[in-house]
Amino acid sequence: MTLLEAYHRLDEAWGPQHWWPGESVLEIMVGAVLTQNTAWSNVERAIANLKAAGALSMQALLALPLDELAALIRPAGYFNVKARRLRALLEWVSAAGGVEALSGWTDEKLRSGLLGVHGVGPETADDILLYAFERPVFVIDAYTRRILGRLGLIDPTMGYEHLRAMIEAELSPDVPLFNQFHALLVAHGKAICRPRPRCTVCVLREGCPAATPTRLPPE
DNA sequence: ACCCAGGGTCATA
DNA sequence: TATGACCATGGG
């Protein structure tokens, strides 16, 4: 099976996913930070708190004291860390001239700029690039590694950039496709057995790839 | 009473 | 460069 065949099967099975869950560029960026190593259901509560407090805007978020911001995003976990990361991200956006200005940046400049922000790593940057700014980058997350790795389509131990380059080279740079593919992998990613212990079928079936490491190897 | 989730940073060796 | 500790809540 090729990557493209895998995509079409998932697409036919589950149809359009309408990702990212979030209405504005700002909300997508906030969600990308809040969902770091965190279940989305917890992120939803945090975002609901921000909305209820009228804090989901550039100005409000930047004006909010760090401890108050942390209190609002508390359900998302790591709230002290994430409050600082959100602050750093919004200050960077603001210094760059806002979302409007960033929209005019090249893919490369935008990506390296995001990666320079404290608390924004490759996956968070690519979430923002693909879903907020509609740039053709393929997001590599735990689900992508686990599922495509078990299919034998990729080597899940490869570093982030190398893996992304391989997948992007195999697929055409197609924003709607990258969007829908990653959405399908994540939205239905829990519907497979866990890496450890492996499910009964994996144990019985010869050729079922061994457990996929949850922890990513460095570049 | 565990295990895990749509990561990233920092300190060690 | 490669591991490990740490961050923290909520659901299964």
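Note on naming: letters A, B, ... go to the chains in the order of the sequence lines (proteins, then strands), and numbering restarts at 1 for each one.
- Rounded to an integer number of Å, the gap from A:Arg85 CZ to C:dC7 C1' is 8 Å.
- Picking from B:dA5, B:dG8, B:dT9 the nucleotide with the shortest atom distance to the side chain of A:Pro122 gives B:dG8.
- Between A:Trp19 and the choices A:Asp127, A:Asn179, A:Leu184, the side-chain contact (heavy atoms from CB on, under 4.5 Å) rule is met once, by A:Asn179.
- Judged as a ring-ring contact (aromatic ring centres under 6.0 Å, His included), and not counting sequence neighbours, A:Phe133 has no contacts.
- A side-chain donor-acceptor contact under 3.5 Å links A:Thr157 and A:Asp155.
- Distance alone, capped at 3.5 Å, places no donor-acceptor pair between the A:Glu134 side chain and the A:Val175 backbone.
- One can place OH of A:Tyr160 at 19 Å from P of C:dA2, the figure rounded to the nearest angstrom.
- The shortest non-hydrogen separation linking A:Val137 to A:Asp126 is CG2-O, 3.7 Å.
- In this structure, A:Leu89 atom CG and B:dG7 atom P are separated by 17 Å, rounded to whole Å.
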### Task
Evaluate salt bridge (charged side-chain N to carboxylate O under 4.0 Å, His left out) for A:Glu161 paired with A:Arg164, printing each intermediate quantity in order.
CA-CA 5 Å; A:Glu161 296 300 340; A:Arg164 185 171 73 89; 3.2 Å; yes
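- The ring pair (Phe, Tyr, Trp, His ring centres under 6.0 Å) analysis of residues 43-68 of chain A, with sequence neighbours excluded, yields no pairs.
- In this structure, the ring-ring contact (aromatic ring centres under 6.0 Å, His included) partners of A:His188, at least two apart in sequence or on a different chain, are A:Trp14.
- Rounded to whole Å, the distance from CG on A:Leu115 to P on B:dG8 is 9 Å.
- With hydrogens and angles left out, the side-chain atoms of A:Thr144 and A:Asp141 include a donor and acceptor closer than 3.5 Å.
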### Query
So what is the 5' to 3' dot-bracket string for DNA chain B, if pairs are Watson-Crick or G-U wobble with both distances under 3.5 Å, crossing pairs use [ ] and | means the partner sits on another strand?
.||||.|||||||
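- For residues 74-84 of chain A, proximity to DNA chain C is found at A:Arg74, A:Pro75, A:Gly77, A:Tyr78, A:Phe79, A:Asn80, A:Val81, defined as any non-hydrogen atom under 4.0 angstrom from a strand atom.
- Comparing the P positions of C:dG10 and B:dG8 gives a spacing of 23 Å, expressed to the nearest Å.
- Within the 3.5 Å criterion, the main-chain N or O of A:Leu90 finds no donor-acceptor partner in the side chain of A:Ser94.
- Residue contacts shown for A:Val139 are absent, as no nucleic acid heavy atom lies under 4.0 Å away.
- Rounded to an integer number of Å, the gap from A:Ile128 CD1 to B:dG7 P is 14 Å.
- Residue-level contact check: A:His118 touches the backbone only, with heavy atoms under 4.0 Å from sugar-phosphate atoms and none from bases.
- For the pair A:Tyr131 (side chain) and A:Ile28 (backbone), a donor-acceptor distance under 3.5 Å is absent.
- Using a 4.0 Å cutoff on non-hydrogen atoms, the parts of residues 31-48 of chain A near DNA chain B are A:Thr35, A:Gln36, A:Asn37, A:Thr38, A:Ala39, A:Trp40, ordered by number.
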